[in-house]
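Each chain gets a letter, A, B and so on, in the order its sequence line appears, and its residues count up from 1. Values reported hereafter were calculated over all heavy atoms of this structure, with side chains retained and with hydrogens, waters and symmetry mates removed.
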There are 4 protein chains.
Amino acid sequence: MAEDRRVRKTRKALRDALVELVIERGFTALSVEDITQRADVGRATFYSHFRDKDELFARVTADLLAELDDRLRPVVQDSAVGFTGKPILQMLRHARDERDLYRIVLRGEGDGKPLRMFTDACARVAAQEFRGRSERNAVEPRIDPELLARAWVGEQVAVLQWWVEQDAPPMPAEEVVRMLLDLALRGRYWATGFDTPA
Amino acid sequence: MAEDRRVRKTRKALRDALVELVIERGFTALSVEDITQRADVGRATFYSHFRDKDELFARVTADLLAELDDRLRPVVQDSAVGFTGKPILQMLRHARDERDLYRIVLRGEGDGKPLRMFTDACARVAAQEFRGRSERNAVEPRIDPELLARAWVGEQVAVLQWWVEQDAPPMPAEEVVRMLLDLALRGRYWATGFDTPA
Amino acid sequence: MAEDRRVRKTRKALRDALVELVIERGFTALSVEDITQRADVGRATFYSHFRDKDELFARVTADLLAELDDRLRPVVQDSAVGFTGKPILQMLRHARDERDLYRIVLRGEGDGKPLRMFTDACARVAAQEFRGRSERNAVEPRIDPELLARAWVGEQVAVLQWWVEQDAPPMPAEEVVRMLLDLALRGRYWATGFDTPA
Amino acid sequence: MAEDRRVRKTRKALRDALVELVIERGFTALSVEDITQRADVGRATFYSHFRDKDELFARVTADLLAELDDRLRPVVQDSAVGFTGKPILQMLRHARDERDLYRIVLRGEGDGKPLRMFTDACARVAAQEFRGRSERNAVEPRIDPELLARAWVGEQVAVLQWWVEQDAPPMPAEEVVRMLLDLALRGRYWATGFDTPA
DNA sequence: ACGTAAGCGAGACGGTACGTCGCGTCTTACC
DNA sequence: GGTAAGACGCGACGTACCGTCTCGCTTACGT
């Protein structure tokens, strides 16, 4: 009895309506009324659940990140040993399952706040992996770790964004992971086609 | 008759006001009235120059990109030969000079449209460099070029964003370039502290 | 089984709350919630007894008028003979006993509907007295009877309203009656201080 | 240039719309939107002129009272000498010209506030006449002057209210005045048909 | 140099959306 | 069966900005 059945139904309807409509017309162009109409809910009811549409989006994103975290937790341990690519694989699969939501978050809709939430979450995982590696493998980063982390997350997010926006049958997740792993192990110089530097 | 002196002054005032205010309170929170008040200009006058605040921001961004392009053109040729890091260096210097504007663009203010303009411009330059290398050095990319480009630009933008948001005396541009070059040549595996892969 | 004890209690609480609150803040400014809170009753309960706050007020007023009628019936017969002032005296005493309710009714609270109910009741009594006089004393009104009735009731209500709004120890009811009687018998010309007209 | 032509037009339209609609459906039943639609004016425009519909009604009433005052001022002086009935005559004529407005004010629409304004204005004039008489004719009121004033104004307002609500060709103003004068000079006892008291 | 076309400020206006409040209906659980 | 608690659809509130529109005043340009 933790939560009224009606409440659960109403919230679900609002969340779904939000995602649909942002895909169709973009977050800024939406009014609260648009959302409530699509969800078939009174406008006042919206406000009894969320302060404004930003909060709704934030909650939706938070739920998504919680879900992602559930999927990631079992595999980050392993990856801390070396470069397995398992976390990225999980993330790609999650993105495949929740494609629309990933799209709108990664597009920076909603003033980029949800994207920032996402990026921060990735950065947190990245930091965790880094710490794990340093401890287990007794290695020291050779370039500023902050910069390294930023570069990594930026790369990941950019690729992810590109992947979820592909409309034609997209490249399989496993192949993306393979490429990213190659890129991480050998660098862009090699990836571009040059041979190992002198 | 190129442009009335009054017009030039008004536009300048509006552009500056926009940047200041976005830094202070964020793009979405601004009203046209806020901008015109800060610029000490009538609201009607604003509308005789720009359709809305999005257009103003777009123009400001376009001007910035044109300036960046001027600085980049002389050096992209050289970098097409190998990995010189010169274009990134120029960009960092430009960002140092126009710090506030870079910040708000990279934060994704204004619905991320300016950021998309910026990213696209970077992608265009990247594509140019790629083409140049393929032709001059007779090399073939070893991973999907689209993915490679996305990853690269994502990395660049993420690092740039981090760099312009630093408040303490930031790391010198030359050092950032050195690190990025190392990262590109040897990969993240090496950068993390591991030795060359098996 | 005339009426559940709980029901009686609830209605009483609502009526009292209404009167108190209208005195404090005025009818229009009240919400149903205000009333139910003061009465310590659930909002839904209110609606199971009254359609809305207007109906509650109407019922309260109707009860008051029924009570007034009970007090008036024994004395209107006598007054039909001449001008005894007994009905007005009874009304003033009733108003003294139910001061707050009289105040809010006479102020025209609730869109003036209760006041109209009150005025109509007075007019009915007045008509009754008139009819009685015409029959018993064989007199004919010297001015339009409709106008005469309106003037009379208007005078009564205005004086009553003034009397119940006095906060200091008000003029005794008997004295008010005496004055009104003088006024009725001799007219305002005399009351103002002039001597009998030419 | 004291006042923008557009402003004058807008206000006029709102005032007229108010009166029309109150006659049709009553003040309480009106929404601001109803008024602005009838006036063919934007709802926001309404709020740039009046705080709410009560203020609009108050202004309309105030204007009416100012007009009435203009008509009354020349004649109250004369009436201070004796009982000429001229002020009442003027008021009746004014009521004939502005019938709808008088109706809604006298009905107590708008929480009775406009009616109170009207009553107060009458009381002010009455007090003025009283003072004039006391001074010029060296007479002293024979009953409490406060009560006398209330009774008088109440009578006036009641008769006025009845008169403006008549739909059939109403009794001529002059005749009403004659009757009220008779009533004032000789009292209700006489008017009812009885002969002068012993 | 100066008259005139422009740029400009002020602000009224019709709109749209906001976030809030109160309505009257309803469902659920308690006593 | 009367009640309390509270979700819900609805409609109005008063506010904030939007983009458009006069209306006069000021200012810089072109002849």
Interatomic distance, [X] [atom1] vs [N] [atom2] [rounded to whole Å]:
X: A/F46; N: F/dG9; atom1: CZ; atom2: P; value: 13 Å
X: C/R43; N: E/dG24; atom1: CZ; atom2: P; value: 9 Å
X: B/R11; N: E/dA6; atom1: CZ; atom2: P; value: 15 Å
X: C/L30; N: E/dC23; atom1: CG; atom2: P; value: 9 Å
X: B/I35; N: F/dA16; atom1: CD1; atom2: C1'; value: 15 Å
X: D/R51; N: F/dT15; atom1: CZ; atom2: C1'; value: 15 Å
X: A/E33; N: E/dG19; atom1: CD; atom2: C1'; value: 13 Å
X: C/K12; N: F/dT3; atom1: NZ; atom2: P; value: 16 Å

* Check ion pair D/K113-D/D111 (N to O, under 4.0 angstrom) -> no
* Look at D/D16 together with D/K12 and state whether they make a salt bridge at an N to O cut-off of under 4.0 Å. => yes
* Asked: Start at the 5' end of DNA chain E and walk down; is the nucleotide closest to D/R6 or to C/K53 reached first?
  -> D/R6
* Structure fact -> Taking for B/V7 and for D/V41 the nucleotide of DNA chain E with the nearest heavy atom, the one nearer the 5' end belongs to B/V7
* Any side-chain heavy atom of A/L18 sitting closer than 4.5 Å to one from A/F27? -> yes
* To do: Under the side chain to side chain contact (heavy atoms under 4.5 Å, CB included) rule, what do A/E67 and A/D63 come out as? Steps first, then yes or no, please.
  => CA-CA 6 Å; A/E67 219 179 81; A/D63 290 356; over 6 Å; no
* Which sits closer to the 5' end of DNA chain F, C/S48 or B/A44, going by the nucleotide each is nearest to? -> C/S48
* Structure fact -> DNA chain F nearest-nucleotide lookup for C/H49 and D/R5: closer to the 5′ end is C/H49
* Asked: Looking for any heavy atom pair under 4.0 Å, which part of the strands does A/D40 touch: base, sugar-phosphate only, or nothing?
  -> sugar-phosphate
[N] OP1/OP2 closer than 4.0 Å to side-chain N/O of [X]:
X: D/T10; N: E/dA12; answer: no
X: D/T45; N: E/dG14; answer: yes
X: A/Y47; N: E/dT20; answer: no
X: A/S31; N: E/dT16; answer: no

* What is the distance from atom CG of A/L64 to atom CG of A/D69, rounded to the nearest 0.5 Å? -> 11.0 Å
